[in-house]
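In listed order, ligands and their atoms are each counted from 1.
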Amino acid sequence: MTTHSPIKTALVTGASKGLGKEIVRRFASAGINVLATARSVDKLKQLEEEFPNHVIHFPGDISDSNHVKSMVEQVIDSFGRLDFVINNAGLAHFSPVEDLTESQWDEMMNINLKAAFLTCKYAIPHLKKTQGHIVNISSVAGTEAFARGGGYCASKFGMMALSDALTQELKPHYVKVSTLCPGSIQTEFSSNPKSYSLQASDVAESVYQIITAPANMIIGRVIMRPVVPIDFQNKK
Ligand SMILES: NC(=O)c1ccc[n+]([C@@H]2O[C@H](COP(=O)([O-])OP(=O)(O)OC[C@H]3O[C@@H](n4cnc5c(N)ncnc54)[C@H](OP(=O)(O)O)[C@@H]3O)[C@@H](O)[C@H]2O)c1
């Protein structure tokens with residue numbers, strides 16, 4: 001008798017565009033069921049239409065803890081299990097600290113850090129059942145700070161600490177935690193992406209490789225940067 005492994009299920013935040021959208025597309029192409037969440041309903045619906053057998057959309061604001069709780073409940077209601085959580089939603093306000101507003105600071109902390117905490121908090125009981133995997137999308141800005149990045153870097157450094165604590169807490173439960181730290185990616189995130197910036201689909205491929213690594217291997221922290229053409233390297 002052949003036994004079929006269950007269809008794996010993922011929750012991807014920030015799924016309406018950019019990297020999150022490409023992660024959903026990569027996962028769904030591989031037959032993984034995905035709950036895609038963000039605020040832009042129409043963009044999420046398009047993703048669901050592209051992969052009607054694998055993607056469901058669940059719009060909402062990730063800074064709202066009620067939304068986070070109900071999106072985790074929805075994954076279980078719709079698919080019966082949760083294997084992968086991809087904390088990808090994020091935004092940046094780049095500004096010197098003295099000019100950064102309190103609301104900009106709060107927005108970055110709420111979307112980039114608190115939402116990841118809340119998503120993990122509600123997802124962990126389900127991930128323990130499947131020996132699942134959390135992938136936190138941090139940034140090179142979570143490994144080295146720079147001028148005008150006081151708020152953004154602080155939120156991403158916070159995510160690194162959250163990841164490290166989760167790694168220790170979840171190790172006894174065989175739940176893996178990985179943190180991806182990309183450099184510049186060609187998305188709407190930056191008003192001025194470089195011509196050589198990473199392609200979102202390439203970064204999404206890395207996320208897929210992380211979640212499909214051999215069962216006895218944890219890919220902990222990955223830092224990736226674009227190859228900068230020599231002409232740009234010499235520019236001051
Ligand atoms: N692009 C880069 O150069 C770069 C480099 C390193 C790391 N990263 C990180 O990679 C991740 C993805 O960035 P990206 O480049 O794909 O950015 P993006 O194209 O701007 O996409 C950001 C995503 O986050 C969602 N989002 C923002 N605020 C939200 C909220 N309040 N509630 C729910 N969803 C919200 C957006 O959806 P809605 O607007 O529809 O809500 C969108 O789907 C972020 O964590 C970012 O920090 C990006």
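Proximity of Cys181 to ligand 1 is not established, as no heavy-atom distance is less than 4.0 Å. Residue contact annotation: Gly60 has a non-hydrogen atom under 4.0 Å from ligand 1. Ligand 1 has Ser184 within reach: a non-hydrogen atom of the residue lies less than 4.0 Å from it. Contact annotation: Ala200 has no heavy atom less than 4.0 Å from any atom of ligand 1. Ligand 1 lies within reach of Lys156, whose nearest heavy atom is under 4.0 Å from it.
Not a single N or O atom of Ile111, backbone or side chain, sits closer than 3.5 Å to an N or O atom of ligand 1. Considering backbone and side-chain atoms together, Asn88 places an N or O closer than 3.5 Å to an N or O of ligand 1. Considering backbone and side-chain atoms together, Ser40 places an N or O closer than 3.5 Å to an N or O of ligand 1. In terms of polar-atom proximity, defined here as any N/O pair under 3.5 Å, Ile185 does make such a contact with ligand 1. For ligand 1, the polar-atom distance check finds an N/O of Leu19 within less than 3.5 Å of one of the ligand's N/O atoms. Considering backbone and side-chain atoms alike, Ala38 places every N or O at 3.5 Å or more from each N or O of ligand 1. Considering backbone and side-chain N/O atoms, Arg39 comes within less than 3.5 Å of an N/O atom of ligand 1.
For ligand 1, the atoms lying closer than 4.0 Å to a non-hydrogen atom of Asp61 are 30 (C), 31 (N), 32 (N). The contact set between ligand 1 and Ser138, taken as ligand atoms under 4.0 Å from a residue heavy atom, comprises 7 (C), 9 (C). Near Ala89, with a cut-off below 4.0 Å to any heavy atom, the atoms of ligand 1 are 24 (O), 45 (O). Residue Gly18 approaches ligand 1 through these ligand atoms, each under 4.0 Å from one of its heavy atoms: 16 (O), 19 (O).
When only modelled atom types and interatomic distance are considered, Thr13 and Asn88 share no side-chain donor-acceptor pair under 3.5 Å. Side chains of Ser29 and His54: no donor on one and acceptor on the other come within 3.5 Å. Glu107 and His93 form a side-chain donor-acceptor contact under 3.5 Å, judged by distance and modelled atom types alone. Checking Ser63 against Asp61 by side-chain atom types alone, a donor-acceptor pair falls below 3.5 Å.
Of all protein heavy atoms, the one closest to atom 43 (O) of ligand 1 is Ser16 OG, 2.8 Å.
Ring centers of Phe79 and Phe58: at least 6.0 Å apart, outside the cut-off.
Taking 4.5 Å as the limit, every side-chain heavy atom of Arg26 sits out of range of all side-chain heavy atoms of Val207.
In this pair, Phe146 and Phe94 present their aromatic rings tilted. The plane angle is within the 30 to 60° band.
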_Trace of the salt bridge (charged side-chain N to carboxylate O under 4.0 Å, His left out) decision for Glu48 with Lys45_ = CA-CA 5 Å; Glu48 188 176 292; Lys45 276 187 182 165; over 6 Å; no
